[in-house]
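Below: the structure, in structure tokens.
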Amino acid sequence: MRPLERVAVIGVGVIGASVGWNLSRHGAEVVFIDAGQPGEGVTNWSFSWVNASNKTARKSYFDLNVAGMAAHRELAGTIGPDSWWYPSGHLRWADDPAAEAKFLETAELLVGWDYRVEMYTGAEVRSRFEPALTMPDDVPVLFYPDEAWAHGRHLVGRLVGQAVASSAELRSGNAVCDIGTGADGSIRSVALSDGSRLDVDIVVNAAGPSASHVAGLVARRLPMRREPGVVTRIDCAQVPVHRAMHAPHIEIRPAGDTSVVLHSREIDALIGTGENPGQLARLLHESARRVVPELGNSRIAETRIVDRPIPADGWPSVGAVPPVPGYYEAVSHSGITLGPVIGRLLASEILSGKRDELLADFRPERFPS
């Protein structure tokens, strides 16, 4: 293991927190840097579904997400599951033949990849899992028992809290203004918006939607998509659902308190077409009430539109960038699922210099600087 003096982790969402926690527990000196507060950016405004069933476009990406699910279970055993880990499975069904045929085809593929899938009718789902749902008795419903949802902000708080308790430093409310390099191009320092400059040996760019800007501070080009999403929380007197689900036209999950989180790709498509966040929230609420009538008595509490942190080709960018010694990227969509495994793999790479094959298809050098 090569000696380290100091690692700056820029961006303290679930990926940055996971990288920093893993580094800290193996003896590295870590400073977390975030322009806002830990876990309150995209991490706090995600559907937060821990899965690999929706990640079948490339087998290597599926495998990485399966490893992410396993890393969550391991992490829950290490830091404790309370307040952040909800391994209650996931339901999916559709209301039109084309969508149904597509997800049944995907389920068949997943079974071939040794991924656990169970099939129920609507009547069985209401009887066994979710009595509050409205669905036809005979509609086929997939249940993925190994999937989960995670409370991202609580997970980040737990990881950062443990790291800080074991000597890591937290600089929240601070944007990174500059990254200093030496004559050989290697990382030397980071300058913060409060006027301070920190001497560091390593920078981890986990800045999510701002990752392209951070990359630019070391003359690195990291192209990103602009793909906004809208998430709404609604308050309920009593939460009527018990797990994450993809119902027709709407995604619904409990939020660990007296609220429910709503998201829909169909509603995302309306962002920028004239509807304001309040109107989008009402559309989400209407869709949810069709599936869970009890949600008709609930109140829209919060709505946020955020840009997803997706590199331009749609795949994660994780690992070293050789032209800038000491600079690493940890940028990906599906950060809730992937955070713990990216954190473990990248921390190991930083500390040992060894590159894990799980990340082979997702190296930053595919984007030439």
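These figures come from a predicted structure and were not determined experimentally.
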Check: Just checking, is any N or O donor in the side chain of Ser196 or Arg171 under 3.5 Å from an acceptor N or O on the other one?
Finding: yes
Classify the side-chain pair Ser348/His26 by whether it contains a donor and acceptor separated by less than 3.5 Å.
no
Query - Over 12 foreign heavy atoms within 6.0 Å of CD, Glu105 - result: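 Not buried by this count: 12 neighbours or fewer within 6.0 Å.
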message: Check this for me: Lys59, atom NZ, are more than 12 non-hydrogen atoms of other residues, nucleotides or ligands nearer than 6.0 Å?
response: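 Atom NZ in Lys59 is packed in, count exceeds 12.
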Under a 4.0 Å threshold between the charged nitrogen and the carboxylate oxygen, would [Y] count as salt-bridged to [X]?
X	Y	result
Arg128	Glu118	no
Arg233	Asp257	no
Glu275	Arg282	no

Can you tell me how the ring of Tyr120 sits relative to the ring of Phe129, calling it parallel under 30°, perpendicular over 60° and tilted otherwise? perpendicular
query = So Trp113 and Phe62, would you call those rings parallel, tilted or perpendicular, with 30° and 60° as cut-offs?
reply = tilted
[X] and [Y]: which non-hydrogen atoms are nearest, and at how many Å?
X	Y	value
Asn174	Asp194	OD1-N, 3.0 Å
Ala76	Trp84	CA-CZ2, 3.6 Å
Gly339	Ile15	CA-CG1, 3.9 Å
Glu147	Ser53	OE2-OG, 2.7 Å

Original post:
Trp85 ring centre to Arg73 NZ or CZ under 6.0 Å, with the angle to the axis within 45°?
Top reply: no
With a 4.5 Å cut-off on side-chain heavy-atom distances among I, L, V, M, F, W and Y, is there a chain of contacts connecting [X] to [Y]?
X	Y	result
Leu23	Leu159	yes
Val341	Tyr61	yes
Val324	Phe362	no

Only pairs under 3.5 Å count here: list side-chain donor-acceptor contacts from residues 217-231, not counting sequence neighbours, and write none if there are none.
unit_1: Arg220; atom_1: NE; unit_2: Glu329; atom_2: OE2; d: 2.9
unit_1: Arg220; atom_1: NH1; unit_2: Phe367; atom_2: O; d: 2.5
unit_1: Arg220; atom_1: NH1; unit_2: Ser369; atom_2: OG; d: 3.3
unit_1: Arg220; atom_1: NH2; unit_2: Glu329; atom_2: OE1; d: 3.0
unit_1: Arg220; atom_1: NH2; unit_2: Pro364; atom_2: O; d: 3.0
unit_1: Arg225; atom_1: NE; unit_2: Ala312; atom_2: O; d: 3.2
unit_1: Glu227; atom_1: OE2; unit_2: Arg265; atom_2: NH1; d: 3.0

Does Arg243 reach the main-chain N or O of Ser88 with its side chain, forming a donor-acceptor pair under 3.5 Å?
->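 Side chain of Arg243 to backbone of Ser88, a donor-acceptor pair under 3.5 Å: yes, one is there.
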**Item:** Sidechain-backbone polar pair: Ser48 side chain, Trp149 backbone, donor-acceptor under 3.5 Å
**Value:** no
Taking the side chain as every heavy atom from C-beta outward, state whether Trp49 and His263 have any atom pair closer than 4.5 Å.
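Of all side-chain heavy-atom pairs linking His263 with Trp49, none is under 4.5 Å.
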